[in-house]
Q: 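Attaching a single structure in structure tokens format; questions to follow.
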Amino acid sequence: MPYKLLFVCLGNICRSPAAENIMNHLIQQAGLSDRVICDSAGTSSYHIGSPPDRRMTAAINQIGIAMQGRARQFTPTDFETFDLILAMDRDNFANVCYLDPAGRFKHKVRLMCDFCTHHSLKEVPDPYYGGTEGFNQVIALLMDACTGLLAFVQQELATCR
Ligand code: 4NP
């Protein structure tokens with residue numbers, strides 16, 4: 001069974017699709033495409049069915065990574081499907097946990113920035129209402145976090161299966 005990662009933000013058009021596509025890139029580079037699966041979702045229903053934001057896509061393309069996917073909303077069945085759920089900020093974290101009132105899946109939900117080793121920010125800032133710099137900051141943070149996350153997943157694959 002592949003290890004399954006779900007990245008979660010508010011709209012599923014900026015931060016979480018960027019995380020998903022960056023992570024897929026790193027997974028491919030590491031030769032782990034058949035062992036790790038990535039998906040992303042939003043806590044809101046605002047953008048269901050939409051492609052990623054064109055400003056986020058442009059920034060991701062600039063670092064040589066393609067952007068794929070359509071927005072969907074997080075659903076409680078995701079708790080069963082995925083091994084690890086990565087929330088971009090504390091609001092996303094709280095909104096995901098709200099759908100697990102008994103705390104059965106608490107161990108699966110983490111803040112994305114917990115996996116950063118170079119940046120000290122604890123949340124991936126919402127870039128939606130800002131300028132280009134916000135999107136580039138999201139990418140720098142996600143590169144750091146995804147690198148740390150890859151190391152964590154490699155450990156999980158080595159020890160737990
Ligand atoms: P995301 O960014 O959560 O990173 O996808 C946002 C996208 C849309 C909105 C807010 C944040 N919105 O309010 O529509």
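Atoms within each ligand, like the ligands themselves, are counted from 1 in listed order. Starting from 1, each residue takes its place in the sequence as its number.
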Q: Not counting sequence neighbours, which residues clear ring pair (Phe, Tyr, Trp, His ring centres under 6.0 Å) with Phe115? List them please.
A: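 Result, ring pair (Phe, Tyr, Trp, His ring centres under 6.0 Å) vs Phe115: Phe152.
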
Q: Is there a donor-acceptor contact under 3.5 Å linking the side chains of His118 and Asp144?
A: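 No, because no side-chain N or O of His118 sits under 3.5 Å from a partner of the opposite role on Asp144.
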
Q: Under a 4.0 Å N-O cut-off, is there an ion pair linking Asp100 with Lys108?
A: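 Judged by the 4.0 Å cut-off on N to carboxylate O distance, Asp100 and Lys108 do not form a salt bridge.
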
Q: Return the set of residues passing ring pair (Phe, Tyr, Trp, His ring centres under 6.0 Å) with Phe93 (not counting sequence neighbours), or none when no residue passes.
A: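 With sequence neighbours excluded, Phe93 shows a ring pair (Phe, Tyr, Trp, His ring centres under 6.0 Å) to no residue whatsoever.
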
Q: In order of chain and number, which residues sit within 4.0 Å of ligand 1 by heavy atom?
A: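 Protein residues near ligand 1 are Cys9, Leu10, Gly11, Asn12, Ile13, Cys14, Arg15, Tyr46, His47, Asp126, Tyr128, Tyr129.
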
Q: My understanding is that only residues two or more places apart in sequence, or in another chain, count here; which of them pass side-chain hydrogen bond (donor to acceptor under 3.5 Å, both in side chains) with Arg70?
A: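 With sequence neighbours excluded, Arg70 shows a side-chain hydrogen bond (donor to acceptor under 3.5 Å, both in side chains) to no residue whatsoever.
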
Q: Is the distance between the ring centroids of Tyr3 and Phe82 under 6.0 Å?
A: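 Ring centroids of Phe82 and Tyr3 are no less than 6.0 Å from each other.
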
